[in-house]
Amino acid sequence: MKDALRVGICGIGRAGFGMVRRDLQRLPEIRVVAGFDLLEERTRQLAEICSSRVYTSYAQMLKDDEVELVIVATRSHEHVPMAMKALRAGKDVLVEKPMALNLAGANRLIKAAKELGRKLFVRQNRRFDVPFLQAMEIVRGGKIGKLFAVQLRQGGYQRRSDWQTMRKYGGGQLLNWGPHLVDWAHQFIGGRTADVWSDLKRIAAAGDAEDHVKLLMRGENGVVVDIEISGAAAIPQTPWRLTGTTGTLVIDAKNQCHLKYFDGSQLPEIKASDETPAGPSGTHFAGGEEIKWIEEQFPAAPAAPANFWVELHGSIRRGTPFPVTLEQVRENMRVITLAKKGTGF
């Protein structure tokens, strides 16, 4: 594409190099023209894939006039300072999640982008995942009625020992998977959390960061989201369960949907009674008429799929609103900061 975004990647590691192999090579909207890493081997790997210029000096890459968007994909504790340098160099920035280690860091970064007149994005790419989009379509379609409870699960058992297990680098599950699940949760609870309860533990991983997170979020709309992210779950739980007043949606780890619901308009109104139910003792409850359930099983396939990078391209080139706003990612960081408070992590 003639109007492809010309990007430079800061940090050619698991996230930075992985997104090139998985996403960017197949998208004409994005062209990787430069990359920076302290390890020359990684810069060579990127050059082989993208035929891009590579640097072992971040300052030198920021002087590259062809780079218009810098993708910051370093360790989490470096996200704010690296993004700040790119903004001050006159570049637009896409920062990997978490955008910061806490709310204060997020505020600094957002403020700097506004003052410098640069565009800032956060790679909350899982807002565009198939099961999430499918779940949102079903909730909006009304089949399960008014949503009131959501369960989100992520994890398995892993004796992890890399930098993601160390707090000084921004490790831990709350800053690793947390930004994604908290972001999903906010779409179900109306965008803002009213109350937060959390419990963080280190069970199986090395280091000093948490590898097991229990987080309860109650939205201003009254919906409660129960989040569990664990690196110590020998039998993983079903990732998605959404419960409404007329049904439930479950989406498993293979993106298979199980939907069970009823037509609320077909049921008569019931009223509570304090009279003893008729009939033999202990045989039944009052009410409890037969409900005509409808069950559907199908692979997740949202009617309106979306792509993070295509949306990013449209936002920069055509000025279309980017679905993940800075206000939303700031709220994610506010909840994560509250969830860590008083836990020792």
Side-chain angles (χ1 to χ4, degrees), residues 1 4-101 105 109 112-113 116 118-123 125 158-172 175-177 179 205-209 308-309 312-313 316:
M1 293 180 65
L5 290 180
R6 302 183 304 277
V7 307
I9 300 178
C10 170
I12 312 171
R14 185 173 56 86
F17 190 68
M19 72 176 74
V20 170
R21 289 185 298 179
R22 186 187 62 241
D23 299 338
L24 302 186
Q25 272 189 298
R26 300 193 298 267
L27 283 172
E29 291 87 355
I30 310 293
R31 185 159 65 93
V32 179
V33 298
F36 155 72
D37 199 281
L38 294 174
L39 302 179
E40 289 189 21
E41 179 184 355
R42 292 184 174 182
T43 63
R44 287 196 300 270
Q45 289 176 326
L46 182 68
E48 289 172 3
I49 291 178
C50 301
S51 300
S52 59
R53 292 178 296 282
V54 290
Y55 300 91
T56 54
S57 163
Y58 187 42
Q60 285 299 314
M61 191 185 82
L62 292 180
K63 292 178 181 178
D64 190 323
D65 292 335
E66 193 176 10
V67 174
E68 54 183 328
L69 176 75
V70 172
I71 300 175
V72 176
T74 53
R75 295 184 180 188
S76 299
H77 74 296
E78 296 176 319
H79 288 177
V80 170
M82 291 293 201
M84 286 284 216
K85 289 179 181 179
L87 291 170
R88 290 167 181 156
K91 311 293 187 182
D92 292 334
V93 173
L94 167 64
V95 62
E96 179 63 60
K97 61 79 197 167
M99 69 179 301
L101 299 186
L109 198 51
L116 293 167
R118 305 310 311 179
K119 294 181 179 179
L120 173 66
F121 306 89
V122 180
R123 198 169 83 98
N125 58 309
Q158 186 178 28
R159 299 181 70 226
R160 194 166 179 173
S161 59
D162 63 342
W163 70 264
Q164 281 276 13
T165 69
M166 305 172 73
R167 282 188 287 167
K168 67 180 181 179
Y169 298 120
L175 286 172
N176 185 12
W177 269 98
D208 59 355
F308 177 91
W309 299 104
L312 179 70
H313 177 271
I316 293 178

Visitor: Quick check for you: to the nearest 0.5 Å, what is the distance between Leu46 atom CG and Ile9 atom CD1?
Guide: 5.5 Å
Visitor: With Trp309, which residues qualify under side-chain hydrogen bond (donor to acceptor under 3.5 Å, both in side chains), at least two apart?
Guide: Asp23
Visitor: Taking the side chain as every heavy atom from C-beta outward, state whether Val70 and Tyr58 have any pair of such atoms under 4.5 Å apart.
Guide: yes
Visitor: I'd like a table of donor-acceptor pairs (distance under 3.5 Å, sequence neighbours excluded) in which one partner is a side-chain atom from residues 79-99, with atom names and distances.
Guide:
| from | atom 1 | to | atom 2 | distance (Å) |
| --- | --- | --- | --- | --- |
| His79 | ND1 | Glu96 | O | 3.2 |
| His79 | ND1 | Pro98 | O | 2.5 |
| His79 | NE2 | Thr74 | O | 2.8 |
| Lys91 | NZ | Asp64 | O | 2.8 |
| Lys91 | NZ | Val67 | O | 2.7 |
| Asp92 | OD1 | Arg118 | NE | 3.2 |
| Asp92 | OD1 | Arg118 | NH2 | 3.1 |
| Asp92 | OD1 | Lys119 | N | 2.9 |
| Glu96 | OE1 | Arg123 | NE | 2.8 |
| Glu96 | OE1 | Arg123 | NH2 | 3.1 |
| Lys97 | NZ | Asn176 | O | 2.5 |
| Lys97 | NZ | Asn176 | OD1 | 3.1 |

Visitor: Using every non-hydrogen atom in the two residues, find where Asn125 and Phe308 come nearest and quote the distance to one decimal.
Guide: CA-CD1, 3.8 Å
Visitor: Would you give the length of the straight line joining atom CE of Met61 to atom OG of Ser52, rounded to the nearest 0.5 angstrom?
Guide: 10.0 Å
Visitor: Anything under 3.5 Å between a donor and an acceptor, one on a side chain of residues 30-45, the other on a protein residue two or more places apart or in another chain? List them.
Guide:
| from | atom 1 | to | atom 2 | distance (Å) |
| --- | --- | --- | --- | --- |
| Arg31 | NH2 | Glu66 | OE2 | 3.1 |
| Asp37 | OD1 | Leu39 | N | 2.9 |
| Asp37 | OD2 | Ile12 | N | 2.8 |
| Thr43 | OG1 | Glu40 | O | 2.6 |

Visitor: I need the minimum non-hydrogen distance between Leu175 and Ala100, along with the two atoms involved.
Guide: CD2-O, 3.9 Å
Visitor: Any salt bridge (charged side-chain N to carboxylate O under 4.0 Å, His left out) pairs touching residues 67-80, not counting sequence neighbours?
Guide: Arg6-Glu68, Glu68-Arg317
Visitor: Side chains of residues 163-170: which donor-acceptor partners sit under 3.5 Å, not counting sequence neighbours?
Guide:
| from | atom 1 | to | atom 2 | distance (Å) |
| --- | --- | --- | --- | --- |
| Thr165 | OG1 | Asp162 | O | 2.8 |
| Arg167 | NE | Asp208 | O | 3.2 |
| Arg167 | NH1 | Gly344 | O | 2.8 |

Visitor: Taking side-chain contact (heavy atoms from CB on, under 4.5 Å) as the test, write out the residues that go with Ser51, two or more places apart.
Guide: none
